[in-house]
Amino acid sequence: MHTIVGQEGDGSYSVLTLPPENAAPREMVQGLAEREFVTRVATVERERRPRWVFASVERGYPALVSAGVRLSRCHDLGLAEGLLLSHEGRDGQPKGLAAALARASGLEPPPDAPAHTDDQPALFETQGSGLPQGVSVVDAMATVLAEQERRVRRAGHPERMRLLIAAESASALVAAEMSADGLPWRADVHDALLTELLGPRVPAGQRPKKLVELAGRISEAFGGKPINPDSPPTIVRAFSREGISIRSARAHVLREIDHPAVPWLLEYRELARLHSANGWNWLDEWVGDGRFRPAWVVGGVVSGRWASQGGGALQIPKTLRVCVRADPGWKLVVADAAQLEPRILAALSGDRKLAEVAASTDLYARLSEAMFSKVDHESRDRAKIAMLSAMYGGTAGEAASLLALLRQRFPAAVSYVERAAGAGERGERVRSWLGRTSPAPSAAWRALTGGLAEDEATEGRARQAARNWGRFTRNFVVQASAADFTAVLLATLRQRLPASAQLVFFQHDEVIVHAPDEVAPEVPTVIDSCVADTVSLVFGASCPVRFPMHTAVVDTYADAK
DNA sequence: ACTTCCGAGCTT
DNA sequence: CCTAAAGCTCGGAAGT
């Protein structure tokens, strides 16, 4: 059963329930004020648990969450439209409701309405959505939903596309709930750390004491001329005056130089980075009430990985993990999927031998055994480079010869990624396991690689561009399938975690659950059973690949691993 | 003064 | 950096 919710042009809310297979008449409730609407949604969820249909979960769900309503299942029309359009090779088209409705009616879609900029965001952004006059938003949504279901049935693997849309939609619920709950963050611990490393807090725009001292030492080391260590060109020029020529002022370049300024510069860099990216300003702006609340962007990366907006939520430096602490009487359960991508490749490609290797918790050790008949540190490292080169298209150093050996031992897995690379080089699109589709290369790319090269330089550039795109599609099939997997895992976890436990962080292959002391010990077991179900849902019950999780129950994130 | 670009570094 | 790629954010510098 689907229940469609939307806000009409006059600001009132509508709730349209569609019984399965027309078993009963549709049930429309219109003209609801916001408070009645929230109550109605909560009641229907409690009594009937439908699949809720949103134009956009990201825009519509946060208001429900802050009113204390949590929904079990949903379908996000906008996210589904994006997945379907790119699957169909039409991803340049607008994804908004009006555009989707036009397409469903066989009309030319109007351009997407610009994102609204109200200071008071509405529950559902449908005002100004460009729907024809007199068309009810929820009626339009019902039409689009039915059309999307037809399009799913026409996909190469309808059941996989259905799962992908459900998981992507559930991810959007998770993202909104994570933003609302927030990651536990101890501002006092963070402040103490900053003070210890940088000196006492100073007003914004000023250098803390420690940085002032280091800048002074750097200037002295260059003979007393004032140097701004924040300016890379200034650093390059300063070394040039000392007779040292460097191409850039990057840390790894500086490390090669023998000069008294280098250690001070490196120390300055590290601390200045902490100060500018995660200093007191960051703390003021992003942490409140003991929580860090970033905005999460589901599917913000073409591969289906999430991005974040504000606060650099996916770039939290490891040194600050000590600030992530469970509340008193609570624990953090930190879980990451060990060596996820090679396991995904084993499952994707159906490579039996790689699946056997993936039966081990330490996949790279077993791989080393299979490739070199030994598992010492060096062999394990080389096995790892071989595998990562296969997935990323690396060619530096020993990579090419190691890859050749890997291909010999695991032809099915290696040819899977090499076929994806070949498709990319020809400008074709590739798909993840559940059907997320890579974007088409740009017109500039086609022009460069498609034409007959006039000279060698152009031909070289064309070949380079083709190889680069091949590397992208090679990686896409693995990274995007890993994102499929983690989306389904998130959806499953969200349903199964004890009610008092909260998902508070997600980073590509890692989750953090904040749970009361009494329930924390059972969370790792729940996670393991969710992983098992995810493997069956995504790859089928007979999938031989294991996906072990590293799970730790800790007080602070820094203690995980 | 404002916008846009670049270098740098952090995570996976 | 030493295996790739993408995304976010900052500060400086150049352009308007």
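Remember, predicted model here, so these are calculated numbers, not experimental data. Letters A, B, ... are given to chains in the order of the sequence lines, protein chains preceding strands, and every chain is numbered from 1.
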Fill in the blank from the handout: Picking from dC10(B), dG11(C), dT3(C), the nucleotide nearest the side-chain atoms of P317(A) would be dC10(B)
Exercise for the section: Nearest whole angstrom, please: distance from the P of dT12(B) to the CZ of F485(A). Expected result: 19 Å
Practice task
Report the distance from atom CZ of R463(A) to atom CG of L448(A), rounding to the nearest 0.5 Å.
Solution key: 11.5 Å
Problem - Side-chain N or O of S248(A) closer than 4.0 Å to phosphate OP1/OP2 of dC1(C) - result: no
Exercise for the section: Assign Q309(A) to base, sugar-phosphate, or nothing according to its heavy-atom contacts below 4.0 angstrom with the strands shown. Expected result: sugar-phosphate
Problem - Whole-angstrom distance between dA4(C) and dT4(B), as gauged at atom C1' - result: 28 Å
Practice task
Assign R273(A) to base, sugar-phosphate, or nothing according to its heavy-atom contacts below 4.0 angstrom with the strands shown.
Solution key: base
Exercise for the section: Nearest whole angstrom, please: distance from the C1' of dT11(B) to the CD1 of I512(A). Expected result: 13 Å
Problem - S415(A) side chain to A412(A) backbone, donor-acceptor under 3.5 Å - result: yes
Handout entry: Touch class at under 4.0 angstrom, heavy-atom based, for A249(A) against every strand present
Key = sugar-phosphate
Problem - Interatomic distance at P, dT3(C) relative to dG7(C), whole Å - result: 23 Å
Exercise for the section: Using a strict 4.0 Å threshold on nitrogen-to-oxygen distance, state whether R291(A) and D289(A) make a salt bridge. Expected result: no
Handout entry: Residues R269(A), D230(A): salt bridge by 4.0 Å N-O rule
Key = no
Handout entry: E270(A) CD - dG11(C) C1' separation (whole Å)
Key = 18 Å
Exercise for the section: Check the angle between the aromatic planes of F485(A) and F547(A) and answer parallel, tilted or perpendicular using the 30° and 60° thresholds. Expected result: parallel
Practice task
Measure from the side chain of I385(A), starting at C-beta and using heavy atoms only, and say which of dC10(B), dT12(B), dT3(C) lies closest.
Solution key: dT3(C)
Practice task
Quick one: label K318(A) by what it contacts on the DNA or RNA (base, sugar-phosphate, nothing), any heavy atom closer than 4.0 Å.
Solution key: sugar-phosphate
Exercise for the section: Kindly say if R250(A) contacts the phosphate of dA8(B), meaning a side-chain N or O under 4.0 Å from OP1 or OP2. Expected result: yes
Practice task
Just call it for R305(A): base, sugar-phosphate, or nothing, with non-hydrogen atoms closer than 4.0 Å on any strand.
Solution key: base
Exercise for the section: Round to the nearest Å and state the distance from R269(A) atom CZ to dC1(C) atom P. Expected result: 13 Å
Handout entry: Euclidean distance, atom CG of residue L265(A) to atom P of dG7(B) [Å, nearest integer]
Key = 18 Å
Problem - Euclidean distance, atom CD of residue Q479(A) to atom P of dT11(B) [Å, nearest integer] - result: 17 Å
Handout entry: Atom-pair distance (CD on E341(A); P on dT3(C)), nearest Å
Key = 17 Å
Exercise for the section: Using a heavy-atom cut-off of under 4.0 Å over every strand shown, decide if A307(A) touches base, sugar-phosphate, or nothing. Expected result: sugar-phosphate
Practice task
Could you tell me if the ring centre of H190(A) sits under 6.0 Å from that of W282(A)?
Solution key: yes
Handout entry: N/O (side chain, S308(A)) to phosphate O (OP1/OP2, dG7(C)) under 4.0 Å
Key = no
Practice task
Looking at every strand, decide which applies to N475(A) at a 4.0 Å heavy-atom threshold: base, sugar-phosphate, or nothing.
Solution key: nothing
Exercise for the section: Determine the contact category for A251(A): base if any of its heavy atoms lies under 4.0 Å from a base atom, sugar-phosphate if only primed atoms, P, OP1 or OP2 are that close, otherwise nothing. Expected result: sugar-phosphate
Exercise for the section: Under 4.0 Å between any heavy atoms, over every strand shown, what does N278(A) touch: base, sugar-phosphate, or nothing? Just pick one. Expected result: nothing
Exercise for the section: Mind checking S231(A) for me? I need base, sugar-phosphate or nothing, with any heavy atom below 4.0 Å counting as a touch. Expected result: sugar-phosphate
Exercise for the section: To the nearest Å, give me how far apart CG (L345(A)) and P (dT3(C)) are. Expected result: 20 Å
Exercise for the section: Name the nucleic acid region contacted by R321(A), choosing base, sugar-phosphate or nothing; use a 4.0 angstrom heavy-atom cut-off, strictly under. Expected result: sugar-phosphate
Problem - Validation row, ring centre F292(A) to ring centre F505(A) under 6.0 Å - result: no
Fill in the blank from the handout: By nearest-nucleotide position on DNA chain C, the 5'-leaning member of V301(A) and R255(A) is R255(A)
Fill in the blank from the handout: Contacts of S389(A) and Q315(A) projected onto DNA chain C by closest heavy atom; the upstream (5') one is S389(A)
Exercise for the section: Could you check which of dA4(C), dA6(C), dA13(C) has an atom nearest any side-chain atom of R471(A)? Expected result: dA4(C)
Problem - Pi stacking test for H508(A) and dT12(B): under 5.5 Å apart, planes under 30° - result: no
